[in-house]
Amino acid sequence: MSSAAQPNGGWIDEHHNGVRYGLEGRVLVEETSSFQRITVIESERYGNGLLLDGCWMTAERQERHYHESLVHPALCSAASIERVLVIGGGDGGTARECLRHAGVQHLDMVEIDGRVVELSQQHLPSIGGGCWSDPRFHLHVGDGIAWAAEAADGSYDVVLVDGSDPAGPAEGLFNRAFFNHCKRILKPGGVFATQSESPEAFRQVHLDTVKLIRELFGHADPLYGWVPMYPSGWWSWTFAASDGPRYRQPLPERAAAIASGCEIWSPRWQRGAFDAVPAFMDRELNG
Ligand code: SPD
């Protein structure tokens, strides 16, 4: 797994398997919360950014790749989108994109580390945007794994997991018990999505995650895109639904309502991203 980010002659790097992924800039805040080391940096290229335990999470001018990819295939396809659960997502970007959909009436966001929320509000305000004061938004500082385990059957239309890499507080966001609860709490026609790591830098985790979700739901599809500052830059999000792969086809009215405000996502981009399955994954998943 990745090692610490070091202020290194004006560079802040994530170190992963002998490769550095870095931004030129300076450290604004470095502190250790009850859960992890939190670093907020300032960079010329991408604005202010956030690292947890030395791993890049987000940056002001490079967050849309990640948040639009996780949110819109799910929110544009679930049968209903009244009730949404976001597990993790403490910077607010996932909630912000969800709340652009007028059909969302109630969004619970369960983030384990309240300091991530506070520091994001203070230093990366554009990422959460208006989500923090939106009356539909309900922040719960607590354990998202326990929240999913305790939620009633069929209580959410969409469940999105926006955690960090499978180490430290996010480790339990990649296992069978957790994914089973995510499936159980979906309503009929509900859609589940999680960030599923890099097919290059975290190949085995990626493979295991997609296969496990596929086994539990009977189907699942990784969508491939880019988050340039993450290890390898090549990233994935995996989707499944209570009643088959409805996430492949965005509902035209929902897509039209959000498309002009997107930088990366569009129905065309989504089609290509679901189809851009690397050959090794195709062999693993489809024989
Ligand atoms: N290797 C980084 C994985 C991080 C996924 N979560 C990012 C948080 C953005 N809201």
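All values derive from a computational prediction rather than experimental measurement. Whatever order the structure lists them in is the order used to number ligands and atoms, beginning at 1. Residues take their numbers from the sequence shown, with the count starting at 1. When reading the values below, keep in mind they use all heavy atoms of this one structure, side chains included, and skip hydrogens, waters and symmetry mates.
- For the pair Val161/Gln195, no side-chain contact is recorded, criterion being any heavy-atom separation below 4.5 Å from C-beta on.
- Between the side chains of Asp162 and Thr94, at least one donor N or O sits under 3.5 Å from an acceptor N or O.
- Of all protein heavy atoms, the one closest to atom 1 (N) of ligand 1 is Asp165 OD1, 2.7 Å.
- Between His101 and His72, the two ring planes are tilted [angle within 30° to 60°].
- Note on ring orientation: taking the six-membered ring where Trp is involved, the planes of Trp147 and His140 are tilted (angle from 30° to 60°).
- Interface of His67 with ligand 1, defined as ligand atoms under 4.0 Å from a residue heavy atom, comprises 9 (C), 10 (N).
- Below 3.5 Å of separation, one finds an N or O of Tyr66 facing an N or O of ligand 1.
- Taking every heavy atom of Gly163 and a limit of under 4.0 angstrom, the matching atoms of ligand 1 come to 4 (C), 5 (C), 6 (N).
- Near Asp91, with a cut-off below 4.0 Å to any heavy atom, the atoms of ligand 1 are 8 (C), 9 (C), 10 (N).
- Between Ser236 and Ser196, the side chains place a donor N or O and an acceptor N or O closer than 3.5 Å (distance only, hydrogens not considered).
- Among Trp56, Tyr21, Tyr230, Phe202, the residue whose heavy atom lies closest to atom 7 (C) of ligand 1 is Tyr230.
- Cluster partners of Phe280, using a side-chain heavy-atom cutoff of under 4.5 Å among ILVMFWY residues and allowing indirect links, are Leu207, Val210, Tyr224, Trp234, Val277, Met281, Leu285.
- At the shortest separation from atom 8 (C) of ligand 1 among protein heavy atoms lies Asp162 OD1, 3.2 Å.
- Contact annotation: for Trp237 versus ligand 1, there are no heavy atoms closer than 4.0 Å.
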